[in-house]
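Just so you know, residue 1 is the first one in the sequence shown, and it goes up from there.
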Amino acid sequence: MKLLFICSRNKWRSLTAEKIFDGINGYEVRSAGTEEGARVKVTEGHIGWSDVIFVMEKKHKRRLQEKFSDKLKNKELFCLDIPDEYRFMDEELIEILKSRVYEYIEEADGK
């Protein structure tokens with residue numbers, strides 16, 4: 001399964017998610033941002049590649065729907081409601097990501 005994580009600048013939240021979920025249960029993981037200054041800016045290619053898309057905030061979902069509505073038709077898209085108040089690999093951010101993402105996908109080792 002291919003997971004795509006989206007935040008604003010792809011520096012802290014989505015990049016942390018990419019690092020912690022990549023390879024778990026064979027998941028392939030990428031991350032991107034919605035803003036012009038993003039480390040990796042989300043493209044149509046990212047959307048087409050992914051099976052499941054996780055956005056950090058409702059505004060990210062809205063931006064994806066505005067720009068890629070036709071490409072999102074058969075995609076699972078979930079909002080994790082994680083505000084932009086965490087740094088890269090913040091322990092609290094990691095715990096929140098794990099608890100919220102595992103509501104939608106299978107956790108490692110069938111936990």
Side-chain angles (χ1 to χ4, degrees):
M1 185 183 301
K2 296 174 182 171
L3 311 178
L4 178 62
F5 289 90
I6 303 290
C7 69
S8 297
R9 294 179 309 277
N10 186 227
K11 292 183 179 170
W12 298 338
R13 294 173 290 173
S14 61
L15 189 57
T16 296
E18 179 178 359
K19 298 292 182 212
I20 63 174
F21 293 110
D22 193 35
I24 291 179
N25 286 354
Y27 295 132
E28 291 180 56
V29 183
R30 293 183 185 168
S31 64
T34 59
E35 292 183 4
E36 283 303 318
R39 190 183 67 84
V40 175
K41 187 157 171 50
V42 65
T43 66
E44 193 174 291
H46 288 106
I47 305 298
W49 170 85
S50 65
D51 296 313
V52 180
I53 301 167
F54 292 99
V55 297
M56 298 298 156
E57 299 176 65
K58 289 181 179 78
K59 69 180 178 182
H60 302 128
K61 182 176 183 177
R62 199 169 49 249
R63 288 174 186 161
L64 290 181
Q65 289 170 330
E66 287 169 4
K67 193 165 184 180
F68 306 109
S69 61
D70 56 326
K71 298 293 178 192
L72 290 169
K73 285 192 172 99
N74 297 314
K75 301 288 178 180
E76 291 189 90
L77 178 60
F78 303 108
C79 182
L80 299 174
D81 287 315
I82 299 175
D84 190 7
E85 55 189 46
Y86 301 97
R87 305 292 282 190
F88 178 64
M89 297 304 283
D90 181 295
E91 287 184 25
E92 187 178 351
L93 173 59
I94 291 170
E95 289 306 310
I96 293 168
L97 281 165
K98 286 181 177 178
S99 70
R100 297 199 182 157
V101 169
Y102 287 140
E103 292 176 21
Y104 303 104
I105 64 171
E106 191 174 316
E107 192 169 346
D109 303 318
K111 291 178 187 169

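- With a 4.5 Å cut-off on side-chain heavy atoms, K61 and F78 do not count as touching.
- At most 12 heavy atoms of other shown residues, nucleotides or ligands fall within 6.0 angstrom of atom CD in E91.
- For the pair R63 and S8, the tightest heavy-atom approach, listed with the atom from each and the gap, is NH1-OG, 4.0 Å.
- Comment: R9 engages D84 in a salt bridge, judged by a side-chain N to carboxylate O separation of less than 4.0 angstrom.
- Here NE2 of H60 is found 9.0 Å from SG of C79. Values are rounded to the nearest 0.5 Å.
- A heavy-atom distance below 4.5 Å is not found between the side chains of H46 and F68.
- Hydrophobic clustering of Ile, Leu, Val, Met, Phe, Trp and Tyr side chains at less than 4.5 Å, counting indirect connections, keeps I53 apart from I24.
- Judged as a salt bridge (Lys or Arg N to Asp or Glu O under 4.0 Å), the pairs with a partner in residues 40-49 (not counting sequence neighbours) are, in order, E36-K41, E44-K71.
- Across S50 and I47, no two heavy atoms sit closer than the pair OG-O, 3.0 Å.
- Rounded to the nearest 0.5 angstrom, L80 CG and I96 CD1 are separated by 10.5 Å.
- Side chains of D22 and K19 form no contact here, defined as non-hydrogen atoms less than 4.5 Å apart.
- Between the CD1 atom in I6 and the OG atom in S31 there is a gap of 7.5 Å [rounded to 0.5 Å].
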Apply the test ring pair (Phe, Tyr, Trp, His ring centres under 6.0 Å) to residues Y27 and F21: give CA-CA distance (whole Å), side-chain angles for both, the deciding distance (0.1 Å), then the verdict. CA-CA 7 Å; Y27 295 132; F21 293 110; 7.9 Å; no
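- No continuous path of hydrophobic side-chain contacts links V40 to M56 [ILVMFWY only; heavy atoms under 4.5 Å].
- L3 has its side chain out of reach of D51: every pair of non-hydrogen atoms, C-beta onward, lies at least 4.5 Å apart.
- Inter-residue side-chain proximity for V52 and L4 is flagged as unmet; no heavy-atom pair is nearer than 4.5 Å.
- Every salt bridge (charged side-chain N to carboxylate O under 4.0 Å, His left out) that K58 has, sequence neighbours left out, goes to D81.
- To the nearest 0.5 Å, atoms OG1 (T16) and CE (M89) are separated by 6.0 Å.
- Linking Ile, Leu, Val, Met, Phe, Trp and Tyr residues whenever their side-chain heavy atoms come within less than 4.5 Å leaves M1 and V55 in two separate clusters.
- Taking each heavy atom of A32 and N10 in turn, the nearest pair found is N-ND2, 3.4 Å.
- Remark: I82 CD1 to L97 CG distance equals 4.0 Å, nearest 0.5 Å.
- Taking 4.5 Å as the limit, every side-chain heavy atom of L77 sits out of range of all side-chain heavy atoms of K75.
- With a 4.5 Å cut-off on side-chain heavy atoms, W12 and Y86 do not count as touching.
- In this structure, R100 has no salt bridge (charged side-chain N to carboxylate O under 4.0 Å, His left out) partners at least two apart in sequence or on a different chain.
- Distance check: R30 CZ to L15 CG gives 14.0 Å after rounding to the nearest 0.5 Å.
- Look at E85 and R13 and you find no salt bridge, because none of the NZ, NE, NH1 or NH2 atoms lies under 4.0 Å from a carboxylate O.
- For the residue pair G33 and A38, the shortest heavy atom distance occurs at CA-CB, 3.8 Å.
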